[in-house]
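Note sheet for the following structure.
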Amino acid sequence: MNELSRAFYITTPIYYVNDRPHIGHGYSTVAADVLARYHKLFGVESFFLTGTDEHSFNVQKAAEKAGKTPRELVDANAQFFKDAWKKLKIENNYFVRTTDERHKEAVQRFITKLHEATTPDGKPAVYAGEYKGLYCVGCEKFLTEKDLTEEGLCPDHLVEPESLSEKNYFFRLTSYLDQVKELIETDKVRILPKERKNEVLGLFKQGLEDFSISREKATWGVSIPFDPDQKAYVWVDALPNYISAIGYGDDRDTFEKWWNGARVVHIIGKDILKFHAIFWPAMLLAAEEKPPDTIYIHGYFTVDGQKMSKSLGNVISNEELVERFGADVSRYLMLNMFPFGTDGDIRIDGFCRKYNADLANDFGNLVSRSAKLTKKPFGGKVPPFGELTGDEKALHESIKSSVRKCREQVESLNPNGAADSFMDVCRKLNRYFDSQKPWALAKQGKTDRLGTVLRTTLEGIRCVSVMAYPYMPNKCRELREILATDPVPKSLDEAESLELLIEGSEIKLDSPLFPRLEEPKTDMPETDAKESEVDNLISIDDFARVQLKIAEVLEVEKVPRTDKLIKLQIRIGEEKRQIVAGIAEHYTPDQLIGKKIVVVTNLQPAKLRGIESNGMLLAASEGDKLALLTLDSDLPSGATIS
RNA sequence: GGCGGUGUAGCUCAGUUGGUUAGAGCAACGGAAUCAUAAUCCGUGGGUCCGGGGUUCAAGUCCCUGCACCGCUACCA
C-alpha cells in the first residue's frame, strides 16, 4: 500500500462543548496535528479538522443555569478549546462547530438524503417510531436496562433515569449491518489497532438495533427538515461534522477533493467506537457517500493508575503542561509516554524523566557538545568537509534508513514510531561523535578531520530538525536558526542529505536547547482539585433531599448468576425493606448479617435482575477496595443521619 | 456466566510464515571517556518467554488445559 500518494484528511472527534479541554482532548488533537504536519512535510496535501459538539439538552440546561443564552454559552466554551489548541501549536485547517449555520445546513441535507433513501431490502431508511425507555437527562439519551448500574442508575451520572416515551425518527441500521460488517472485515473501512477490529465485529454478533435520529423535546439543535418539531439527535448531528466542514452542504468541489479524493482518517477514543465504526458508515451508505478509510482508536490514560476525573481532582489541563514544559515538549511528551493505540498510565515523575532522557540528554546535549567544539578551531562557524571515510558513509546510510522508518511509521499512522525514528538518529549521532573523538582531534591539531566530523554531526542534527519538525515546530525552528539554515524545512527529503548547511555560517548557540530539569518527586502539574470542588458545590437544601438512615442487616443472600449482586433484607426502625447492592465481591453474606449500615431511604425503587431494591447502601471504594459505612458507636436502626 | 484479548528482563513493550547464543527503550550496576546540559559511549540481565500437558527433528511462536489480569457484554451468539 502506498497511502502517501494521495491527499490526507484527518479528523479528531468534535469535543463536547460543556467539557473543559484537558490532556485527554489534547492527546487526540496533538496526535492528529502531528500526523497532519508529517504528511505536509512529505509533500502530501493534508486537511486537519477538529471542532466542538455544541448541541444537546445539557447545553441548554447549563446555559439556563448560567443565565446565558445557549449561543453565549457555546461561544464562550468553544473558545476554551480554541485557546488550548493555540497554546499547543495546533494547526488545524478548520474548526467546525455543530452550531455553525454551515454545519446545520449540511446536517439537514444529510438527513434529507437519509430520509429519501431506500435500504438494500427495499424499505425506507428512516421511519417514524415510538421510543419508550429510560432516559438519562445527563447523558441526554435513552439507556437500556443493561446500561444501568446495579443500583439502577446511569453509570456516568449516577442518577436514576426517567421513564419516557416520545415520537422519534429512526434510522434503519439493521438493513445496513451486512454491508458495514463486510466493509470492516475486508478493511475497506480499516479499524486500527487491529484488536479493535475484533471488538467491533463482536458488536455485530451481539446484535444491533435501529437507532433514533431525532428528539421531540429538544430545542437546541438542528431541525429535522421534514418534521421541524423534531431536532436531530446526537449522532446524526455530530458525525456529519466530518463532511460539513469540507463542503458537503455547500461546496461540492472541496468535498470531492477531501472526502472522495483523500485518505480519510478519523482519530477517536474508544468510547465512540461503535458510532464511528458502525453507525457512521451505515449512514454514509444510505446517503450514497463513501465510508471513511480508517478509524484509529487511541488509548486512554490514567494518572497514577487512576482514571482522570473531575471528582478525583486529578485532571491535568493542557495549559498546565504547556506552562511547565512549553508547547513543543508537551506535544512530544503527550504522545510518547506510552504506545499510541493502547491505554497507558502517566506517573507523576514520568514526564520529567522522559524529557531528560530523550530531549535533554540525547538530543539537546548533542547539539551543545558539537556546537561547542566548533568554537575554537572554526570560530563557531560551520566547518568544511574534508575527505569522507567509511564511518561517515555508514552514518549517512543509517540516517537514511531512519528517515525511511519515519515515513513508514507515519503512513501506518503511528506517531510514536516517527518519534523513535528521530531519536534513533540522535543516538546514532552520539555514537558516531564518541567514536570519532573530535575533542582529541582538536588537541592533536587534526583540523581537517575535526571539521569533517563536526560538519557531519551538525548535518545530522539538521536532519533531526527536519524529522522532529512536526512534533516540535518551534524548537526545531530555533535549532535550525542555531544552525543558520532555513527556519522551516520544506520536505522530509532534506533529512536524507548530509550537505545542506552553509559552510562558514555562524552557529549561534547561547543556551541549551532542552535544558535539563530537576526531577521533582511530586510537584508535577498541579491538579485542579479546588476548581472541581467549586464546580460540584451543592446547597444544603440539595443535601437535605437525600434521606439517610441507619439500617440493620437481617438476612443476606447472593443473587444467583451474578458476580456482584447481593440481596439484603434490612430493618430501618420498625420498617423492613429489601435492597440489592453490588458488593458481593467484597463481602460474604455472613460478614453482613447484623451489621449496622447507612442507607439512602428515599431513592426511587429499582429492579436489578428482576429483584426489587428499595434503597441504596453507602460504601466507600478506591480502586478495587470497598468498605461499608458503619457506625462509630452504636445507635438503633432507623436513626437519621444529617 | 458469555465472547475477545493479554501474560516475554525491575518498568514499558518488540518478537515476522515454528529453526542457530530471546531483543529494544527506560531504570540499576560496572567500566571508558571528559567535547557537553553530572550529559555521552561501552559492557553487564542463572529472564522457569504465567503453570501443566501435547504435536514436531525443532515452540515464546501451533494444539489442549489450568491460573491471573484487562476489555466488551450480560439469562446470552
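Below, read A as the first sequence line, B as the second, and so on, with proteins coming before strands; counting in each chain starts at 1. The shown structure was predicted, so the numbers you read here are calculated from the model rather than taken from an experiment.
A gap of 12 Å separates the C1' atoms of B/rG54 and B/rA59, to the nearest Å. Nucleotides B/rG7 and B/rC49, compared at atom P, are 14 Å apart to the nearest Å. Spacing of C1' atoms, B/rC42 relative to B/rU8, comes out at 26 Å, to the nearest Å. B/rA39 and B/rA33: their C1' atoms are spaced 12 Å apart (whole Å). The C1' atoms of B/rU37 and B/rU61 are separated by 44 Å, rounded to the nearest whole Å. The P atoms of B/rC67 and B/rG51 are separated by 15 Å, rounded to the nearest whole Å. Taking atom P on both B/rA58 and B/rG71, the two are 40 Å apart, rounded to the nearest angstrom. Nucleotides B/rU6 and B/rC50 have their P atoms positioned 12 Å apart, rounded to a whole Å.
Across all strands shown, B/rG1 forms a Watson-Crick or G-U wobble pair, both distances under 3.5 Å, with B/rU73. The pairing partner recorded for B/rU6 is B/rA68, the criterion being a Watson-Crick or G-U wobble arrangement whose two distances lie under 3.5 angstrom. Base pairing annotation: B/rA27 forms no Watson-Crick or G-U wobble pair, as no partner gives both donor-acceptor distances under 3.5 Å. Checking B/rG47 for Watson-Crick or G-U wobble geometry (two distances, each under 3.5 Å) identifies no partner in any strand. Remark: B/rU56 base-pairs with no nucleotide in the shown strands. Criterion, Watson-Crick or G-U wobble with two distances under 3.5 Å. The pairing partner recorded for B/rA36 is none, the criterion being a Watson-Crick or G-U wobble arrangement whose two distances lie under 3.5 angstrom. In this entry B/rA22 has no Watson-Crick or G-U wobble partner, no candidate having both defining distances under 3.5 Å.
What separates CG of A/L203 from C1' of B/rG5 is a distance of 14 Å, to the nearest Å. For the pair A/L366 CG and B/rU37 P, the computed distance is 13 Å after rounding to whole Å. When rounded to the nearest whole Å, the span between CG of A/L208 and C1' of B/rC3 equals 15 Å. Following rounding to the nearest Å, A/R431 (CZ) and B/rA36 (P) show an atom-to-atom distance of 22 Å. Protein atom CD of A/Q409 is 15 Å distant from nucleotide atom C1' of B/rG25, rounded to whole Å. As a whole-Å value, the separation of A/I461 CD1 from B/rC35 P is 18 Å. The interatomic distance linking A/F204 (CZ) with B/rC3 (P) rounds to 20 Å, in whole Å. Atom pair A/R369:CZ and B/rA36:C1' shows a separation of 6 Å (rounding to whole Å applied).
Taking all atoms of both residues into account, the shortest heavy-atom contact from A/S505 to A/L483 is OG-O, 4.5 Å. Across all non-hydrogen atoms, the minimal contact from A/Y296 to A/P193 is CE2-CD, 4.1 Å.
With respect to A/R427 and A/D424, a salt bridge is recorded, a charged nitrogen being found less than 4.0 Å from a carboxylate O. The existence of a salt bridge linking A/E209 and A/K274 is excluded, since no basic side-chain nitrogen approaches an acidic carboxylate oxygen closer than 4.0 Å. One finds a salt bridge joining A/K400 and A/E397 here, because a Lys/Arg side-chain nitrogen approaches an Asp/Glu carboxylate oxygen to under 4.0 Å. Taking a cutoff of 4.0 Å between a charged side-chain nitrogen and a carboxylate oxygen, A/D328 and A/R477 do not qualify as a salt bridge.
Nearer to the 5' terminus of RNA chain B, by closest-nucleotide assignment, is the contact made by A/S368 (compared with the other of A/E199 and A/S368). With the nearest nucleotide of RNA chain B identified for both A/A360 and A/K270, A/A360 has the one nearer the 5' end.
Within the nucleic acid shown, A/L513 comes within 4.0 Å of at least one base atom, counting heavy atoms only. A/G202 comes within 4.0 angstrom of no nucleic acid atom, judged by non-hydrogen atoms across all strands. Nucleic acid contact class of A/P438 (heavy atoms, under 4.0 Å, all strands): none.
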Heavy-atom protein contacts under 4.0 Å, nucleotides 26-34 of chain B, coded B base, S sugar-phosphate only, - none: -------SS
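With hydrogens and angles disregarded, a donor-acceptor distance shorter than 3.5 Å links the side chain of A/K475 to the backbone of A/L513. Between the side chain of A/N356 and the main chain of A/N361, no donor-acceptor pair closer than 3.5 Å is present.
A perpendicular orientation is assigned to the rings of A/H25 and A/Y15, their planes being inclined by more than 60° (bins at 30° and 60°).
Listed pair A/R196 / B/rG4 fails the phosphate criterion, with no side-chain N or O lying under 4.0 Å from OP1 or OP2.
Comparing B/rA39, B/rC41, B/rA36 against the side chain of A/K372 picks out B/rA36 as the nearest.
For A/D391, there are no salt bridge (charged side-chain N to carboxylate O under 4.0 Å, His left out) partners, not counting sequence neighbours.
When only modelled atom types and interatomic distance are considered, A/R369 and A/N430 share a side-chain donor-acceptor pair under 3.5 Å.
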Going through the checks in order, is the ring-ring contact (aromatic ring centres under 6.0 Å, His included) test met by A/Y233 and A/F171? CA-CA 11 Å; A/Y233 182 54; A/F171 176 71; over 10 Å; no
Between the protein and nucleotides 8-17 of chain B, which nitrogen or oxygen pairs are less than 3.5 angstrom apart?
none

